[in-house]
S.K.: 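I'd like to ask you about the structure that follows.
Worth knowing before you read on, the calculation uses all heavy atoms, side chains too, and leaves out hydrogens, waters and symmetry mates. Given the structure is predicted, the values throughout are model-derived calculations rather than measurements.
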Amino acid sequence: MARMRADLLAAGFTVDAVADRIGPAAAAALHREQALPAERVTRGAGDPVATLVRLFVLGRETAGDDVERALPSLGVSGARALGLLQDGETADSVRAALDLRPYGDGTHDWWLASDLGELVTQAPLREDHVLGVGGASMTLAAWTPRPGARRVLDLGTGCGVQALHASTHAGEVVATDLSARAVELARLNAALNGVEWDVRQGSLFEPVAGERFDLIVSNPPFVITPRIEGVPVYEYRDGGLAADSLVRSVVRDVGQHLEPGGIACFLGNWEITATRDWRDVWTDWLDGTGLDAWVVQRETQDPAEYAELWIRDGGTSAATADFDRLYEAWLDDFAAREVTEIGFGVCVLQRPATERQPFRDLVEHSGPVASPMGPAVLQGIRARTYLAEHTDEEILDVAWQVADDVTEERYGRPGAEDPQVIQVRQGGGLGVTHRLGTAQAAYLSVCDGSLTARQALTAIAALLQRDSADVQAETLPLLRALVADGLLR
């Protein structure tokens with residue numbers, strides 16, 4: 001493994017180097033699961049980056065001599081011993097046995113091995129397929145708050161994407177997965193990247209019974225799949241439970257494994273019906289857990305859209321008998337529960353560190369967000385925790401300050417002396433917008449940390465010739481919302 005890592009570094013097999021080598025058009029095509037542009041720009045080239053791209057990313061048969069030049073200290077024999085290569089069709093050629101590609105976070109250069117995808121195999125995925133870096137894993141990595149943590153749990157680690165990120169800020173990383181093959185590949189990736197994880201096999205929280213963590217991160221197998229014979233159950237995405245029961249079980253059980261003040265961040269799907277919207281679902285899941293919750297629903301799909309997405313994801317092509325058979329099974333399954341939409345979002349839960357009423361913030365936001373979102377999530381959890389632990393009177397006695405990324409917008413009819421709408425917009429985070437009344441706009445105009453909210457609102461009430469208690473009561477809900485969303489700090 002040390003020789004493999006040294007060769008990859010010497011070859012310059014990094015995210016930036018690959019993007020430079022194949023160019024932006026080919027890189028974008030690869031993200032769309034189209035290999036031809038990258039195939040064209042690397043065809044016939046013998047440089048190490050081109051060889052490694054063709055071998056491990058495109059899955060092309062490659063001359064053994066080219067591989068020896070790209071991996072000079074490891075060699076073909078060493079790569080075979082690691083299980084990375086298999087025989088090609090000719091005696092002097094080899095093919096990749098695994099997908100291996102660079103991955104990074106802007107500071108670190110890593111590599112991740114996973115199973116070869118449909119792009120290479122040209123066949124439906126195996127049920128024990130271990131996925132590489134995908135859209136969901138990148139979303140979770142971007143949204144995860146990263147406080148200093150003694151122990152982090154990556155629940156359902158797959159090939160280890162989240163564990164890699166956790167290794168940058170945690171004293172100990174425990175990674176679990178039901179899939180024996182995922183556990184094997186996670187251990188390989190830890191060794192390849194020179195990090196240490198405690199990798200365990202088992203379902204959900206079973207491998208960590210009785211243990212607690214400062215941070216739990218999970219991209220669980222949340223896909224809602226019909227539980228009938230003939231529908232493939234892919235370990236990387238299907239939890240084996242009916243409907244959205246798996247995500248519900250994570251919500252109900254995660255608090256037992258969080259230290260006081262510990263945070264869990266994970267992705268999920270949930271079913272929506274005509275009589276039960278997504279907030280009703282989450283209210284039912286959270287009641288009795290004692291957990292703080294900040295859940296952001298990012299998108300919804302109707303049952304047909306959802307079925308099409310996940311049938312194609314498994315490698316079954318449209319306009320085939322197999323596709324239609326699976327499509328009907330999905331639609332029947334959703335119809336049996338009268339599901340009208342399926343929601344997707346990011347779930348952030350916290351075990352309160354003190355005896356208090358937990359906070360609950362269930363919001364919809366489908367627009368762009370800050371990247372990475374993790375710092376804003378951590379700030380948002382801390383702000384909501386502060387609000388939950390302090391009274392209105394205490395909040396009024398704080399000298400708040402408008403965050404640097406906040407801008408004010410005013411709208412009115414042409415020629416009008418006063419604006420009809422005044423609102424403030426957050427530049428980072430969720431990019432939220434709050435509408436202001438006259439008194440609230442005046443308050444934010446003086447929010448520079450020099451006056452407490454009470455002092456400022458008392459002075460504004462006098463200028464407007466209004467009762468100060470009324471102005472404070474009118475402003476408090478907005479004040480709390482602005483603090484929660486990070487517009488005031």
S.K.: Please enumerate all residues that pass ring-ring contact (aromatic ring centres under 6.0 Å, His included) together with W294, with sequence neighbours excluded.
M.R.: none

S.K.: D361: what forms a side-chain hydrogen bond (donor to acceptor under 3.5 Å, both in side chains) with it, not counting sequence neighbours?
M.R.: R384

S.K.: If you compare all heavy atoms of F266 against all heavy atoms of V251, which two are closest, and at what distance to 0.1 Å?
M.R.: CZ-CG2, 3.8 Å

S.K.: Any chance you could measure N219, atom CG, to M138, atom CE, to the nearest 0.5 Å?
M.R.: 12.5 Å

S.K.: Which heavy atom of V57 sits nearest a heavy atom of F13, and at what distance?
M.R.: CG2-CZ, 4.3 Å

S.K.: Measure the spacing between CG of L52 and CH2 of W111 and express it to the nearest 0.5 Å.
M.R.: 11.0 Å

S.K.: Examine distances only and state if a side-chain atom of H365 and a backbone atom of P368 form a donor-acceptor pair shorter than 3.5 Å.
M.R.: yes

S.K.: Does some side-chain heavy atom of V67 sit less than 4.5 Å from a side-chain heavy atom of L85?
M.R.: yes

S.K.: Without swapping roles, check the side chain of R298 against the backbone of G367 for a donor-acceptor pair under 3.5 Å.
M.R.: yes

S.K.: For the pair R360 and D292, find out whether any cationic side-chain nitrogen is under 4.0 Å from an anionic carboxylate oxygen.
M.R.: no

S.K.: Any salt bridge (Lys or Arg N to Asp or Glu O under 4.0 Å) pairs touching residues 110-123, not counting sequence neighbours?
M.R.: D115-R181

S.K.: Check whether any side-chain heavy atom of R200 lies under 4.5 Å from a side-chain heavy atom of D198, and answer yes or no.
M.R.: yes

S.K.: Can you list every side-chain hydrogen bond (donor to acceptor under 3.5 Å, both in side chains) pair that touches residues 99-108, not counting sequence neighbours?
M.R.: D99-R101, Y103-H165, D105-H108

S.K.: Taking only residues two or more places apart in sequence or in another chain, which ones pass side-chain hydrogen bond (donor to acceptor under 3.5 Å, both in side chains) with R80?
M.R.: D87

S.K.: Using modelled atom types and a 3.5 Å cut-off, is there a donor and acceptor pairing between side-chain atoms of D284 and backbone atoms of D280?
M.R.: no

S.K.: Hey, could you give me the CG/CG distance between D324 and L326, rounded to the nearest 0.5 Å?
M.R.: 9.0 Å

S.K.: Could E172 and R150 be called an ion pair, given the rule that one side-chain N must be under 4.0 Å from one carboxylate O?
M.R.: no

S.K.: Distance alone, cut at 3.5 Å: any donor-acceptor contact between the side chains of D16 and T14?
M.R.: no

S.K.: For D333, enumerate each residue passing the side-chain hydrogen bond (donor to acceptor under 3.5 Å, both in side chains) test, keeping only those at least two apart in sequence or located in another chain.
M.R.: R337

S.K.: Donor-acceptor check, side chain of D302 to backbone of A304, threshold 3.5 angstrom: yes or no?
M.R.: yes

S.K.: Look only at the side chain of T139 and the backbone of G135, and say whether a donor-acceptor pair between them is shorter than 3.5 Å.
M.R.: yes

S.K.: Taking NZ, NE, NH1 and NH2 as the nitrogens, is one of them in R5 or D7 under 4.0 Å from a carboxylate oxygen of the other?
M.R.: no

S.K.: Quick check: closest heavy atoms across L349 and A293, and the distance to 0.1 Å?
M.R.: CD2-CB, 3.6 Å

S.K.: How would you list, by chain and number, every residue that makes a ring-ring contact (aromatic ring centres under 6.0 Å, His included) with F222, sequence neighbours excluded?
M.R.: F344

S.K.: Grab the two heavy atoms, one from T51 and one from A70, that are nearest each other, plus how far apart they are.
M.R.: CG2-CB, 4.0 Å

S.K.: Look at the side chain of R60 and the backbone N and O of L58, then say whether any donor-acceptor pair between them is shorter than 3.5 Å.
M.R.: yes

S.K.: Suppose we screen for side-chain hydrogen bond (donor to acceptor under 3.5 Å, both in side chains). Which residues come up paired with D177, at least two apart in sequence or across chains?
M.R.: none

S.K.: Quick check on E338: does its CD atom have over 12 non-hydrogen neighbours (other residues, nucleotides or ligands) under 6.0 Å away?
M.R.: no

S.K.: Check side-chain contact (heavy atoms from CB on, under 4.5 Å) between S203 and all other residues, then give those that pass, not counting sequence neighbours.
M.R.: L178, E206

S.K.: By the ring pair (Phe, Tyr, Trp, His ring centres under 6.0 Å) test, which pairs, at least two apart or in different chains, include something from residues 123-161?
M.R.: H129-Y236

S.K.: Say whether T157 and Q162, considering side chains only, have a donor N or O and an acceptor N or O under 3.5 Å apart.
M.R.: no

S.K.: Of all the heavy-atom pairs spanning A163 and V173, show the shortest one and how long it is.
M.R.: CB-CG1, 3.9 Å

S.K.: Going from OG on S114 to CG on L98, what distance comes out if it is rounded to the nearest 0.5 angstrom?
M.R.: 7.5 Å

S.K.: With a 4.5 Å cut-off on side-chain heavy atoms, are E211 and R151 touching?
M.R.: yes

S.K.: Is there a side-chain contact between D109 and P102, using heavy atoms and a 4.5 Å cut-off?
M.R.: no

S.K.: Should E127 and P232 count as side-chain neighbours, where that means a heavy-atom distance under 4.5 Å?
M.R.: yes

S.K.: Taking all atoms of both residues into account, what is the closest heavy-atom pair of A243 and I224, and its distance?
M.R.: O-CG1, 3.5 Å

S.K.: Please determine, by modelled atom types, if Q297 and W270 share a side-chain donor-acceptor pair under 3.5 angstrom.
M.R.: yes

S.K.: Does the gap between the ring centers of F334 and Y306 come in under 6.0 Å?
M.R.: yes

S.K.: Looking at residues at least two apart in the chain, or sitting in another chain, which of them share a side-chain contact (heavy atoms from CB on, under 4.5 Å) with R435?
M.R.: V421

S.K.: Any donor and acceptor pair, going by atom type alone, linking the side chain of D214 with main-chain N or O of G262 inside 3.5 Å?
M.R.: no

S.K.: Ignoring hydrogens and geometry beyond distance, is a side-chain donor-acceptor pair present between S93 and E61 at under 3.5 Å?
M.R.: yes

S.K.: Taking R146 for the side chain and T168 for the main chain, is one N or O donor matched with an acceptor at less than 3.5 Å?
M.R.: no

S.K.: List for me each residue that meets ring-ring contact (aromatic ring centres under 6.0 Å, His included) alongside H434, sequence neighbours excluded, and say none if there are none.
M.R.: none

S.K.: How about M1: does its CE atom have over 12 heavy atoms from other parts shown lying under 6.0 Å from it?
M.R.: yes

S.K.: Would you please say whether a donor-acceptor pair under 3.5 Å links the side chains of T225 and D238?
M.R.: yes

S.K.: Would you say the side chain of Y234 lies within less than 4.5 Å of the side chain of L131, judging by non-hydrogen atoms?
M.R.: no

S.K.: Inspect the surroundings of CD in E409 and state if more than 12 heavy atoms from other residues, nucleotides or ligands are less than 6.0 Å away.
M.R.: yes

S.K.: Is the shortest side-chain N to carboxylate O distance from R279 to D277 below 4.0 Å?
M.R.: no

S.K.: Does any non-hydrogen side-chain atom of I272 lie less than 4.5 Å from one of I342?
M.R.: no

S.K.: Just checking, any donor-acceptor pair under 3.5 angstrom between side chains of T42 and R54?
M.R.: yes

S.K.: With side chain to side chain donor-acceptor pair (under 3.5 Å) as the test, would you mind laying out the steps for T433 and Q426 before giving the verdict?
M.R.: CA-CA 6 Å; T433 299; Q426 180 184 39; over 6 Å; no

S.K.: Under a 3.5 Å distance rule, please check whether E328 uses its side chain to pair with a backbone N or O of R325 as donor and acceptor.
M.R.: no

S.K.: Which residue, V339, V281, T340, T283, forms the side-chain contact (heavy atoms from CB on, under 4.5 Å) with R276?
M.R.: V281

S.K.: Give, for atom CG of L112 and atom CG of L192, the distance between the pair rounded to the nearest 0.5 Å.
M.R.: 8.0 Å

S.K.: Say whether, by atom type as modelled, one donor and one acceptor occur between the side chain of S245 and the main chain of L241 under 3.5 angstrom.
M.R.: no

S.K.: Contact between I216 and H257 at the side-chain level, heavy atoms closer than 4.5 Å - yes or no?
M.R.: yes

